[in-house]
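Below is one structure, written out as structure tokens; comments come after it.
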Amino acid sequence: MPSFDTVCEPNMVEVRNAVDTSAKEIGTRFDFKGTSANIELKDKEITMFGDAEFQLTQVEDILRNKLTKRNVDVRFLDIGKVEKIGGDKVKQVIKVKNGIETEDAKKITKVIKESKLKVQASIQGDAVRVTGAKRDDLQAAMALLRNDMTELPLSFDNFRD
């Protein structure tokens with residue numbers, strides 16, 4: 001029976017490259033000379049440092065620009081609150097989303113069931129497997145998910161015929 005998996009996984013190699021090039025640009029830019037502006041990636045968390053919130057927004061703009069150039073969807077970023085870390089320094093943690101959360105997986109299965117397509121959706125860990133009798137129905141389900149679930153950067157893996 002034909003099937004595919006709906007997943008939400010960023011290309012972490014490209015994310016690391018974008019963070020590294022952002023850090024390099026921050027180090028060479030004139031307006032960041034002598035400041036504590038910096039960016040680093042640990043596991044799936046990007047941490048931005050700066051002297052003020054304004055500086056953090058500049059660092060975030062640089063990061064978004066670099067991610068876009070590397071074809072990484074910025075919807076993978078879950079931006080946290082600005083925290084004070086002593087003196088007048090601030091930091092902000094950005095989590096990189098990986099996997100589909102259970103609420104979103106339930107929304108995906110609900111959208112597929114309400115569409116009256118002849119496919120079934122089942123939640124499997126942090127992915128949603130969609131199975132159907134015809135390949136055309138699966139492709140219609142993919143198009144439906146792309147249109148209806150715009151807040152998630154979905155991709156489709158393991159398309160089996």
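The shown structure was predicted, so the numbers you read here are calculated from the model rather than taken from an experiment.
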Q | Shared hydrophobic cluster for Val72 and Met12 (ILVMFWY, side-chain gaps under 4.5 Å) | A | yes
(Q) Check for me, please, whether Val93 and Val19 land in the same ILVMFWY cluster - side-chain distances under 4.5 Å, paths through other members count. (A) no
Q: Starting from the C-alpha separation in whole Å, work towards a yes-or-no answer on side-chain contact (heavy atoms from CB on, under 4.5 Å) for Ile123 and Ile100.
A: CA-CA 9 Å; Ile123 300 171; Ile100 299 175; over 6 Å; no
Q: Show the numbers, then the answer: is there a side-chain contact (heavy atoms from CB on, under 4.5 Å) between Asn17 and Thr21?
A: CA-CA 6 Å; Asn17 288 340; Thr21 55; 5.5 Å; no
Q: Report the residue from Asp20, Thr47, Leu56, Val59 that forms a side-chain contact (heavy atoms from CB on, under 4.5 Å) with Ile39.
A: Val59
Considering all heavy atoms, the nearest [X]-[Y] contact:
{"X": "Ser115", "Y": "Leu144", "answer": "CB-CD2, 3.4 Å"}
{"X": "Ser22", "Y": "Lys66", "answer": "OG-CG, 3.2 Å"}
{"X": "Lys106", "Y": "Thr109", "answer": "O-OG1, 2.8 Å"}
{"X": "Leu138", "Y": "Gly132", "answer": "CD2-N, 3.8 Å"}
{"X": "Val128", "Y": "Ala105", "answer": "CG2-CB, 3.8 Å"}
{"X": "Thr131", "Y": "Ser3", "answer": "CG2-CB, 3.4 Å"}

Determine whether [X] and [Y] make a side-chain contact, defined as any pair of heavy atoms from C-beta on separated by less than 4.5 Å.
{"X": "Asp126", "Y": "Val7", "result": "no"}
{"X": "Asn98", "Y": "Pro10", "result": "yes"}
{"X": "Phe156", "Y": "Leu145", "result": "yes"}
{"X": "Leu77", "Y": "Ile46", "result": "yes"}
{"X": "Phe32", "Y": "Ile62", "result": "yes"}

**Q.** Glu53 atom CD, over 12 foreign heavy atoms within 6.0 Å
**A.** no
(Q) Using a 6.0 Å cut-off, check whether atom CD of Glu101 has over 12 heavy atoms from anything other than its own residue. (A) no
Q. Is the Phe159 ring parallel, tilted or perpendicular to the Phe4 ring (thresholds 30°, 60°)?
A. parallel
Q. About how many Å separate CG of Asp88 and OG of Ser36, when rounded to the nearest 0.5 Å?
A. 7.5 Å
**Q.** Interatomic distance, Asp5 atom CG to Leu154 atom CG [nearest 0.5 angstrom]
**A.** 12.0 Å
(Q) Do the side chains of Asp136 and Lys134 get close enough for a salt bridge, i.e. N-O under 4.0 angstrom? (A) no
Q: Could you tell me whether Arg64 and Glu60 have a side-chain N and a carboxylate O separated by less than 4.0 Å?
A: yes
Q: Step by step, work out the side-chain contact (heavy atoms from CB on, under 4.5 Å) result for Gln92 and Ile79.
A: CA-CA 8 Å; Gln92 189 172 23; Ile79 299 170; 3.2 Å; yes
Tell me if a side-chain donor or acceptor on [X] pairs with a main-chain N or O of [Y] at a distance below 3.5 Å.
{"X": "Glu14", "Y": "Leu67", "answer": "no"}
{"X": "Asp43", "Y": "Glu45", "answer": "no"}
{"X": "Arg75", "Y": "Thr150", "answer": "yes"}

Q. What's the verdict on side-chain contact (heavy atoms from CB on, under 4.5 Å) for Ile85 and Phe49, showing C-alpha distance, side-chain angles and the deciding distance?
A. CA-CA 9 Å; Ile85 55 173; Phe49 300 97; 3.9 Å; yes
